[in-house]
Amino acid sequence: MRSTRIAISAAMLGALALPVLSATTAGAAPTAVAAASARGCYDLPSLPYAVHATAVTIRSKADSKSTALGVLYKSHKFSVSRKSGNWLYITDRTTGVKGWVSGTYVYRDVRMCLD
């Protein structure tokens, strides 16, 4: 599912970038235009992560056998403060619970900058 999402995003980005690059005049440098527009996008704060499984368990340690502290449900948003392998240390924005979730069941929202 994650690779499909990446492929679709890449295809959409390519389709949107092609008319912009072909519309530049012969004397204009397309790389300068692309570099200037991309710089503004990266100045924005990073987007939150979200759960893409039905639910994921928040654990006390980065281990599937550790104590469960809570549950995050599909499309729930949370912030990540650090990573350890495939595990993410998160803070649930709704309840304030902090703990580890498996990176297999979550993804980061994607921002596409068009100008």
Side-chain angles (χ1 to χ4, degrees):
M1 175 140 181
R2 186 178 187 131
S3 61
T4 303
R5 215 175 279 227
I6 292 169
I8 291 171
S9 296
M12 289 176 56
L13 184 59
L16 293 172
L18 185 60
V20 172
L21 293 177
S22 62
T24 59
T25 61
T31 55
V33 171
S37 63
R39 194 173 315 123
C41 180
Y42 293 111
D43 293 340
L44 298 172
S46 58
L47 294 172
Y49 284 77
V51 177
H52 69 84
T54 303
V56 63
T57 305
I58 304 171
R59 304 250 177 216
S60 60
K61 297 179 184 173
D63 182 5
S64 61
K65 295 179 179 141
S66 64
T67 306
L69 302 175
V71 177
L72 297 176
Y73 295 99
K74 190 172 185 80
S75 301
H76 194 90
K77 307 257 190 265
F78 53 91
S79 57
V80 174
S81 57
R82 66 181 186 258
K83 297 179 182 181
S84 176
N86 193 34
W87 289 85
L88 308 171
Y89 188 78
I90 65 107
T91 302
D92 181 0
R93 292 181 177 177
T94 308
T95 61
V97 173
K98 295 180 181 186
W100 293 92
V101 296
S102 174
T104 305
Y105 306 108
V106 300
Y107 66 92
R108 181 171 227 149
D109 283 346
V110 178
R111 175 185 291 127
M112 289 179 37
C113 299
L114 302 176
D115 55 16

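When a residue number appears, it is its place in the shown sequence, counting from 1.
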Residues which pass side-chain hydrogen bond (donor to acceptor under 3.5 Å, both in side chains) with T57, listed by chain and number, not counting sequence neighbours: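 With sequence neighbours excluded, T57 shows a side-chain hydrogen bond (donor to acceptor under 3.5 Å, both in side chains) to no residue whatsoever.
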
Interatomic spacing from OG in S79 to CD1 in I90 - rounded to 0.5 Å: 7.5 Å

Taking the side chain as every heavy atom from C-beta outward, state whether [X] and [Y] have any atom pair closer than 4.5 Å.
X    : Y   : answer
V56  : Y73 : no
V106 : L88 : yes
W87  : K61 : no

Write out all pairs satisfying side chain to side chain donor-acceptor pair (under 3.5 Å) with one or both partners inside residues 89-102, taking only residues at least two apart or from two chains. H76-D92, D92-T95, S102-T104

Excluding sequence neighbours, so at least two apart, what forms side chain to side chain contact (heavy atoms under 4.5 Å, CB included) with T67? S60

Is it possible for you to say whether V101 and V71 belong to one hydrophobic cluster, with membership spreading through side-chain heavy-atom contacts below 4.5 Å?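 Result: no, two separate clusters.
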
List the atom of G99, the atom of L69, and the distance in Å for their closest heavy-atom pair.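 Answer, listing the atom of G99 first, then L69: CA-CD1, 4.3 Å.
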
Check for a donor-acceptor pair, side chain of K74 on one end and backbone N or O of V51 on the other, with a separation under 3.5 Å. no

